[in-house]
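A quick write-up on the structure given underneath.
Along the sequence shown, residues carry numbers from 1. Note that this is a predicted model, so its numbers are computed, not measured.
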Amino acid sequence: MIKAMVCDLDDTLFPEHEFVFSGFEAVDDWLVRNKGLEGFAMLAKRLFAEGCRGNVFDQVLELVGEPKERSLIEKMLDVYRNHQPKLRLHPDAQRLIDRYRNEMNMAIITDGYLQTQRNKVAALGINEYFSPIIYSDAYGRENWKPSEVPYHNVMAETGFAGYEYVYIGDNPLKDFIAPKKLGWLTIRVIRADGQYAQQQVTTDREAAVLINSLDQITDAILHNGIN
């Protein structure tokens, strides 16, 4: 019987692009106030929509003719990572919480810079629903997924056997490797607009169950969990 539901955060419980756009707006505001530079958010969102990842700040500075000084980019990154975002849960994530919060232990494992992820959880107002919330960055970058460390930490804090856990995530490149080794049921939610919706992986990386909405979790557990 499943006793603990462990969720990924970004793009599983809320749309990650909302944080990205919120961060762009925060950087835009900082640039206007401190550099007199306008238009950052508009250009950054356009590049993001075109598939640009990882070097958006550099590309925007180049587009506006601003020197790509390392100190400036580092400050922009700091503003982006530490801003207070305005976020909303996916509607099906709220329904998932409402359905299971009183029926089983609910926890989160999330990668990303520690303060950034804490700010996301605070903005979503979900601290009271999930325990523990494991921020893998608290244990060092080397212990981000697919490291088994955050999963072991959940087990240490909740005390169930491996087959009594279900893990729900969206990124097959890293989310399911460790929990599969530990005997957890693994479920991948594939949202139409998700970053990894088209990502294909080998069987050892893929989740045991694929769904398109968290509203399908109950059936997935009933048909695949040990009950």
Side-chain angles (χ1 to χ4, degrees), residues 5-26 44-56 80-81 83-100 106-127 129-130 133-137 141 144-147 150-151 154 165-180 184-201 205-217 220:
M5 178 178 292
V6 186
C7 300
D8 172 53
L9 182 63
D10 300 351
D11 267 344
T12 298
L13 296 182
F14 82 99
E16 169 66 3
H17 72 267
E18 287 192 359
F19 175 83
V20 174
F21 290 175
S22 176
F24 289 165
E25 294 289 350
K45 290 177 183 179
R46 188 186 76 190
L47 289 171
F48 186 86
E50 293 172 353
C52 180
R53 303 290 188 274
N55 64 342
V56 172
Y80 177 86
R81 291 171 178 163
H83 83 284
Q84 302 296 319
K86 295 181 180 179
L87 305 174
R88 297 170 297 173
L89 289 167
H90 280 298
D92 60 350
Q94 184 63 64
R95 291 191 292 270
L96 183 77
I97 292 170
D98 294 341
R99 169 71 173 81
Y100 285 103
M106 299 188 74
I108 287 174
I109 295 176
T110 181
D111 284 350
Y113 291 95
L114 181 57
Q115 191 57 52
T116 300
Q117 299 309 104
R118 284 177 172 166
N119 288 348
K120 291 175 182 176
V121 168
L124 291 166
I126 55 176
N127 277 289
Y129 306 129
F130 295 91
I133 298 177
I134 300 295
Y135 300 96
S136 57
D137 196 44
R141 179 65 177 82
W144 288 19
K145 306 169 202 173
S147 167
Y151 300 89
V154 167
Y165 292 86
V166 58
Y167 184 77
I168 306 165
D170 71 299
N171 183 352
L173 297 175
K174 64 176 184 176
D175 277 348
F176 310 114
I177 298 170
K180 289 180 74 171
W184 297 18
L185 173 63
T186 52
I187 300 177
R188 176 184 173 191
V189 58
I190 304 175
R191 301 185 184 279
D193 59 348
Q195 182 176 350
Y196 301 99
Q198 304 303 318
Q199 185 70 54
Q200 297 185 358
V201 292
R205 289 177 176 266
E206 187 58 274
V209 184
L210 308 182
I211 60 176
N212 301 116
S213 167
L214 296 179
D215 292 328
Q216 298 170 296
I217 288 293

ask   = Which residues pass the side-chain hydrogen bond (donor to acceptor under 3.5 Å, both in side chains) test with Y135, sequence neighbours left out?
value = none

Output all residues satisfying side chain to side chain contact (heavy atoms under 4.5 Å, CB included) with [X], sequence neighbours left out; order by chain, then residue number.
X    : result
Q199 : P172, L173, R188, Y196, V201
F14  : L9, D10, E16, F19, L87, K120, L124
K180 : F176, T186

Do [X] and [Y] have side chains that get closer than 4.5 Å, going by heavy atoms?
X   : Y    : value
V6  : I134 : no
F24 : V56  : yes
H83 : N119 : no

request  = Would you please name every residue forming a ring-ring contact (aromatic ring centres under 6.0 Å, His included) with F21, sequence neighbours left out?
outcome  = H17, F48

So, taking the atom named [atom1] in [X] and the one named [atom2] in [Y], what distance separates them when rounded to the nearest 0.5 Å?
X    : Y    : atom1 : atom2 : answer
N171 : D11  : CG    : CG    : 9.5 Å
R99  : D215 : CZ    : CG    : 11.5 Å
M5   : I108 : CE    : CD1   : 12.0 Å
K86  : E18  : NZ    : CD    : 12.0 Å
I217 : I168 : CD1   : CD1   : 3.5 Å
R95  : L214 : CZ    : CG    : 8.5 Å

Closest heavy-atom contact between [X] and [Y]?
X    : Y    : value
S22  : P85  : OG-CA, 3.4 Å
S213 : D92  : OG-OD2, 3.3 Å
D137 : G112 : CB-O, 3.1 Å
H90  : T12  : CD2-O, 3.8 Å
W144 : S136 : CD1-OG, 3.5 Å
Y167 : C7   : CE1-C, 4.2 Å

task = Please list, chain by chain and in numerical order, all residues satisfying salt bridge (Lys or Arg N to Asp or Glu O under 4.0 Å) with R81, sequence neighbours excluded.
result = none

ask   = So Y165 and Y151, ring-ring contact (aromatic ring centres under 6.0 Å, His included) or not? Walk me through it.
value = CA-CA 10 Å; Y165 292 86; Y151 300 89; 9.9 Å; no

message = Is it the case that the side chain of T110 and the backbone of D8 share a donor-acceptor pair, with hydrogens and angles ignored and the cut-off at 3.5 Å?
response = no

request  = Verify, without hydrogens or angle tests, whether Q117 (side chain) and D111 (backbone) share a donor-acceptor contact under 3.5 angstrom.
outcome  = yes

query = Just wondering, are more than 12 heavy atoms of other shown residues or ligands nearer than 6.0 Å to CD in Q198?
reply = no

